[in-house]
Amino acid sequence: MTHLTKENQMSAASPDGPPTPTRFITSSIRWLLAMAALLTALAEVLLILTGHTELVGPVAALGAAIVGGTAIKVTIQIRR
């Protein structure tokens with residue numbers, strides 16, 4: 001039989017464990033990148049609708065540079 005410390009009990013109750021500053025920073029960065037991608041897409045649609053199609057390429061390149069080509073990760077956790 002193993003002895004569970006307070007930290008182990010918290011981890012056993014919650015698979016994610018307690019929130020840490022690193023986890024908060026990581027999720028904040030992901031959120032900001034997702035918002036940058038969304039704003040880039042919105043800007044491109046608005047440029048197309050207003051007839052400024054010559055600016056779509058540079059705006060897309062700027063958005064890709066900001067997002068860094070990272071894919072948006074979606075995590076679904078199922079808990080019982």
Side-chain angles (χ1 to χ4, degrees):
M1 186 164 143
T2 60
H3 176 67
L4 293 177
T5 63
K6 186 175 182 180
E7 293 81 18
N8 288 341
Q9 290 174 352
M10 292 177 77
S11 295
S14 173
D16 296 335
T20 61
T22 305
R23 189 173 292 165
F24 174 74
I25 292 170
T26 303
S27 65
S28 297
I29 290 172
R30 286 183 185 159
W31 185 83
L32 288 172
L33 291 174
M35 292 306 296
L38 180 65
L39 289 174
T40 300
L42 179 64
E44 290 178 2
V45 169
L46 289 175
L47 286 171
I48 291 170
L49 290 176
T50 58
H52 300 300
T53 55
E54 68 278 357
L55 297 175
V56 171
V59 169
L62 179 63
I66 292 171
V67 175
T70 59
I72 298 172
K73 180 181 174 183
V74 176
T75 303
I76 300 173
Q77 297 179 353
I78 300 173
R79 297 182 186 202
R80 293 182 183 205

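Residues Ala36 and Ile66 come closest through the heavy atom pair CB-CG2, 3.8 Å. Among all heavy-atom pairs drawn from Val67 and Ala37, the shortest one is CG2-N, 3.8 Å.
Listed by chain and number, the hydrophobic cluster partners of Leu32 are Trp31, Met35, Leu38, where partners are ILVMFWY side chains within reach of under 4.5 Å, directly or through others. Hydrophobic cluster membership for Leu47: Ile48, Leu55, Val56, Val59 (Ile, Leu, Val, Met, Phe, Trp, Tyr linked by side-chain heavy atoms under 4.5 Å, directly or transitively).
Residues Leu62 and Leu42 do not share a hydrophobic cluster, defined by chaining ILVMFWY side chains whose heavy atoms lie under 4.5 Å apart.
For Thr50, the side chain to side chain contact (heavy atoms under 4.5 Å, CB included) test picks out His52, with sequence neighbours left out.
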